[in-house]
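Following: one structure in structure tokens, then a few remarks.
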Amino acid sequence: MNLGALSLENAPGFWTPVRFFLTAPVFGMLAAGLIFVDGGQLLQSRWLPGSLAVAHAFTLGYIAMAMLGALFQMLPVLMGAVFPQAARAAMIVHLLMTLGTLCLVFAFLVQRPLLFAAAVVLLAPVLILFGAGVLVAIFRTGKVSTTARAVQLAALGLIVTVMLGGYMALGHAFGTAPINNVLTNYHAAWGVIGWILILAVGVSEQVIPMFLTTPPYPGLFNKRLAYLLMLLLVAGSLLPLRGLELAAVVLAGCLMLAYAVVTLQLLGKRRRKRFDITNAYWQVGMLCLVPGAGTNVYSYFGGAMGGADLALLSGLLLLVGFAVSIINGMLYKIVPFLVWLNLRMPAVMGKLKPGTRYYTPNIHEVINVRPMQVQLMFHVAGLLLLVAAVFFQGLTVYAAATAVLVSNLLLLLNLAHAVRLYRKYSSRAIAVR
Amino acid sequence: MAAISEFFSTQHRACDRVFEKMEEAVSRDDWPQAESLYKELSRDTLQHFSNEEEGLFPLFEETTGMQAGPTQVMRGEHVELRELLQRIGDAVQARDRDEALGTAETFFLFLQQHNVKEEQVLYPMADQVLQGVLPELSDKVPGFTPSGE
Ligand SMILES: [Fe+2]
Ligand SMILES: [Fe+2]
């Protein structure tokens, strides 16, 4: 264990994670814009170019973008290791992610082979290298926490997801492979369960009891959950037996359900009873995970609901309902804290002249609770309308797209407010020094 | 759990409970209650810091020879935590609800990340390297017993 990692001096700078966090809502807005322009056809089937474009704007542009930013911030403490050149690496990763995701989204929309090729070149190496880096770094650390172990498994999930996706994108680029349903299903399963859900499980194990002051997750359930999910994924993917795959889908569904219920129960037992925006977002996320997991199993058994594409509905609930919600909530915890922490850095590191003091706004002042609540309302409205739009089409689609657009715009504005405050006060802190 | 991790982590939990009650009192505008809970919080937290700064850290530094290592980082964070604690106290005195709650949240988040680092890295390490000198620690830290009882 490298004790240097304890030092705030080795914490990545302010912009390292924040550039990712500011980009996420921009892709959320792009996704909303695409839904609006499309007018709702894309909500009828997950195989349409438009739905694939929107899905990747969310998964890569919003979800993976924010998760990578958070990992750049978390890793030094989690692994007790310093990330060499974190600031520069983050800048490059962010640039490639942004350009690559744009290429991929538009590749789906206009179906140009060259764009698919460009997306693969821009995205696959950087994501696979990032995943491999995390995997190896945590492996080297030896004895690590449950959370770090889950992060490691999630990195594996990311690598597999990107490989499957990259392979299919190359198929589009060179016209060698038509859309392959089986591979697409694996790609989606590894992405949603292997990467997103496993990371969420690991993060919640530590974050929920600590920052939301709940009791710890009971027993070994959550500690083993990441392993169980990974086991099911591997078993379901490697052994091409219909029965085994079916069992894996059902079991994974049950585990997601149990995770959501247990987490909701914990959140209900918060010791601090004051309204907490992050808590509200975790609750929304978990409330979406329940029907998201349910519809996935139901659709796997060929279930139907008024002609809607249930797999698409499930994806919507799991990605926009579950993943985007908890990420949005975490951003409201992380960004104000980072602003405050980076402003206080000179004081914490003892770089001030003795006796000097300078004022720093408290965390509630960095982003006020009211605008965050307004944004939450638009987010929830957007979710409900999106689900409705899958069934009803028509005007619902435009209302849904507008709500999602406004929600992401407000998130961006709230985060930008925090960043402006950081800029304003950081020049003062330096002046005092 | 080994003696040091057990004792110091328990103090973290105990301080958290008082903090939660104080924050609750502030949000209810129950200022007399908030003031008395603040006093308790301040006393317990400062006692815990001095247990570390005057007991655990020097022993750790002597035994490992690491003067400028992790203990130095923790001392730096204590300075900031003391300042935040003071700012909460001022706000409670002035009955400034928003400032009290906002600073309390700030204190809480910074304290939690501080405690995680201690509980996951520093204490386990101290438990390993200080095994032979635990009686010395109990001289300097009130209530600490090497057996962890
Ligand atoms: Fe401490
Ligand atoms: Fe401590």
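Every chain is numbered from 1 and lettered A, B, ... according to where its sequence line falls, protein lines coming before strand lines.
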#### Entry: Minimum heavy-atom distance between A:L376 and A:Y281, given as atom pair plus value
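For A:L376 and A:Y281, the tightest heavy-atom pair comes out as CA-OH, 3.2 Å.
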### Nearest non-hydrogen partners of A:A418 and A:V335, listed with the distance
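Residues A:A418 and A:V335, closest heavy atoms: CB-CG1, 3.9 Å.
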Has the side chain of [X] got a donor or acceptor atom that lies under 3.5 Å from a matching backbone atom of [Y]?
X	Y	result
A:T147	A:G202	yes
A:T360	A:R344	no
B:D96	B:V92	no

### Query
Do the ring planes of A:F337 and B:F110 sit parallel (below 30°), tilted (30 to 60°) or perpendicular (above 60°)?
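Tilted: the ring planes of A:F337 and B:F110 meet at 30° to 60°.
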### Partner of B:R75 under salt bridge (charged side-chain N to carboxylate O under 4.0 Å, His left out), chosen from B:E118, B:E61, B:E54, B:E80
B:E61
Considering only heavy atoms, which portion of [X] lies under 4.5 Å from any heavy atom of chain A: side chain, backbone, both, or neither?
X	value
B:D16	neither
B:E99	both
B:L84	side chain

### Query
Who in residues 19-32 of chain B is close to chain A, using a strict under-4.5 Å heavy-atom cut-off?
B:F19, B:E20, B:E23, B:E24, B:S27
### Query
For the candidates B:N115, B:T103, B:L109, which exhibits the highest count of non-hydrogen atom pairs separated by less than 4.5 Å from chain A?
B:L109
### Message
Given heavy-atom pairs under 4.5 angstrom as the criterion, report whether the side chain, backbone, both or neither of A:F275 touches chain B.
### Response
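Neither part, no heavy atoms under 4.5 Å.
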#### Entry: Proximal component of A:P361, with respect to chain B [non-hydrogen, under 4.5 Å]
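Backbone only.
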### Query
With respect to chain B, which residue among A:M210, A:R272, A:E365, A:H364 yields the maximal number of heavy-atom pairs within a distance under 4.5 Å?
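Highest number of pairs under 4.5 Å: A:R272.
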### Task
Taking only Lys NZ, Arg NE, NH1 and NH2, and the carboxylate oxygens of Asp or Glu, determine whether B:R13 and B:E119 approach each other closer than 4.0 Å.
yes
